[in-house]
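The structure under discussion appears below in the form of structure tokens.
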Amino acid sequence: MSIFILYLLLLKATVTSFSGMGSLPMVRNDLVVTRHVLTDQELSSAVAVGRSTPGPAGLYIVSVGYFVAGIPGAIVGWLALVTPAVFIIPLLIYVGKKAQHPRIKNALQAVVLAGAGLLLATSLPLAVEAINGIMLGAIALASCLILATTRLSPIWMILGAAAISLTADAVRLTLASM
Amino acid sequence: MLGWPGALIALIAISLPSAAIAVLLTYLYEIWSYHPLAAVAMRGILAATIGTIAASAWVLIRPSLKSGQWFRAGLLVTGAFALNRWLSLSPLQVLGLAALVGLLLPTNRK
């Protein structure tokens, strides 16, 4: 895949999303399902990297770019992340008052809600790949509940999950050797 | 007041260090992912990642629920889920349909 096409695909994802993670369904559809240049595990790992980094949630796009095309991919990932931000201010000045129209507000709200549905639909195949066992299911559920109800940073979920996984494995090995 | 160049510099200054850290972490992941201990840790990390994705969806839904628009939220979230998951519509098609539905929905709130 050419680096320019990768940039356009990632840009399409960032432009059409209303939140950092909102671009995930588009990225999975274009790079995992349609073009097969990324695996579900790489996509999940990219999200994990993005959530472990101080910065916007959409930063996983940089990691996605790296997985697909190395350093040049990471650069176009970063460019796709910042390009919408460059144009958002003039766009807001231009459409600012129009966006206050009730029907436009309705449409924007509908797109955001549909984006949530798409995120949940995208998380299913990723969950099938990543969660095999009760402990991993409990980790996923706990991290979801904690993030939904507190202001804790996702980095603590990532670190906690790694610690629990390593501890459980150590306990399992100890019991097996007894 | 630097205007556009200032805004551009600020954007780069804010996003570039985080992007560099993301590249470094991805590089380290690629190197260590085959190490047995790292693979064990990654199993937990990837499970937690699924939780963070679901929590991100909740963050998008919560404002509509808080304003009492349960039916609207339920319709659009489950509708988008079903259209993408079972009718295989692409995310762009689903978002386009959602915008159309939003234009047609009644505008009087609560």
Side-chain angles (χ1 to χ4, degrees), chain A residues 16 19 21 24-26 29 44-45 47-55 57 59 62-63 66-67 74 78 81-82 85-86 102-103 106-107 109-121 123-124 126-127 130-131 136 139-141 143-144 147-148 154 157-158 161-162 164-166 169, chain B residues 7-8 11-12 14-19 21-23 25-27 29 33 37 40-62 64 69 72-73 76-85 90-92 94-95 97-103 105 107:
Chain A
T16 53
S19 70
M21 295 301 296
L24 191 66
M26 202 84 75
N29 185 64
S44 295
S45 304
V47 174
V49 164
R51 300 321 305 261
S52 312
T53 312
L59 204 64
V62 175
S63 185
Y66 186 89
F67 275 124
W78 174 72
L81 186 67
V82 297
V86 172
R103 291 225 175 267
N106 257 3
Q109 182 198 24
V111 169
V112 168
L113 288 168
L118 287 172
L119 254 184
L120 292 173
S123 71
L124 264 189
L126 298 180
I131 301 171
L136 295 178
I139 288 175
L141 185 64
S143 74
C144 176
L147 288 176
M157 304 305 110
I158 305 280
I164 290 170
S165 199
L166 285 168
D169 195 62
Chain B
L8 206 59
L11 183 65
I12 292 169
I14 288 170
S15 61
L16 204 52
S18 312
I21 294 171
V23 171
L25 288 178
T26 314
Y27 173 71
Y29 166 81
S33 60
L37 274 182
V40 169
M42 274 314 289
R43 281 206 291 272
I45 289 171
L46 292 183
T49 302
I50 303 302
T52 68
I53 295 170
S56 301
W58 170 246
V59 168
L60 295 176
I61 300 167
R62 189 168 47 194
S64 296
Q69 296 172 304
R72 181 174 301 210
L76 285 156
V77 173
T78 54
F81 183 97
L83 287 173
N84 180 247
R85 192 83 197 118
S90 75
L92 203 56
V94 173
L95 293 177
L97 269 178
L100 276 178
V101 170
L103 285 172
L105 282 171
T107 54

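These numbers come from the heavy atoms of this one structure, side chains and all, not from hydrogens, waters or symmetry mates. Quick note on labels: first sequence line is chain A, next is B, and so on, each numbered from 1.
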Contacting region of A:Met21 [heavy-atom separation from chain B under 4.5 Å] = side chain
Against chain B, label A:Leu81 side chain, backbone, both or neither, depending on which of its atoms sit under 4.5 Å from a heavy atom there.
-> neither
List for me each residue that meets side chain to side chain donor-acceptor pair (under 3.5 Å) alongside B:Thr26, sequence neighbours excluded, and say none if there are none.
-> A:Ser63
Can you name the side chain to side chain donor-acceptor pair (under 3.5 Å) partners of A:Asn29, sequence neighbours left out?
-> none
Among the listed options [options], the residue most often paired with chain A at heavy-atom distances under 4.5 Å:
options: B:Leu8, B:Leu92, B:Leu37, B:Ile12; result: B:Leu92
options: B:Leu60, B:Ile14, B:Leu100, B:Val23; result: B:Leu60
options: B:Ala80, B:Pro17, B:Gly44; result: B:Gly44
options: B:Ala73, B:Pro91, B:Ala98; result: B:Pro91
options: B:Asn84, B:Leu105, B:Leu103; result: B:Leu103

Mark yes or no for whether A:Ser165, through its side chain, and B:Val40, through its backbone, hold a donor-acceptor pair below 3.5 Å.
->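 Looks like yes, one N/O pair under 3.5 Å.
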If you measure from CZ on A:Arg51 to CD1 on A:Ile158, what distance do you get to the nearest 0.5 Å?
->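 A:Arg51 atom CZ to A:Ile158 atom CD1 measures 8.0 Å (nearest 0.5 Å).
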Which distance, rounded to the nearest 0.5 Å, do you find between the CZ of B:Arg43 and the CD1 of A:Ile139?
->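 Output value for this atom pair is 10.0 Å.
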Among [options], residue most engaged with chain B (heavy-atom pairs, under 4.5 Å):
options: A:Gly115, A:Ala127, A:Ala74, A:Cys144; value: A:Cys144
options: A:Leu118, A:Val62, A:Leu136, A:Thr16; value: A:Leu118
options: A:Ala162, A:Pro25, A:Ala130; value: A:Ala162
options: A:Leu147, A:Leu59, A:Ile131, A:Val47; value: A:Leu59

Does the ring center of B:Tyr29 lie less than 6.0 Å from the ring center of A:Tyr66?
->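 Ring-ring flag for B:Tyr29/A:Tyr66: false, centres at least 6.0 Å apart.
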Over all atoms of both residues, closest heavy-atom pair of B:Ala55 and A:Ala148 = CB-N, 4.3 Å
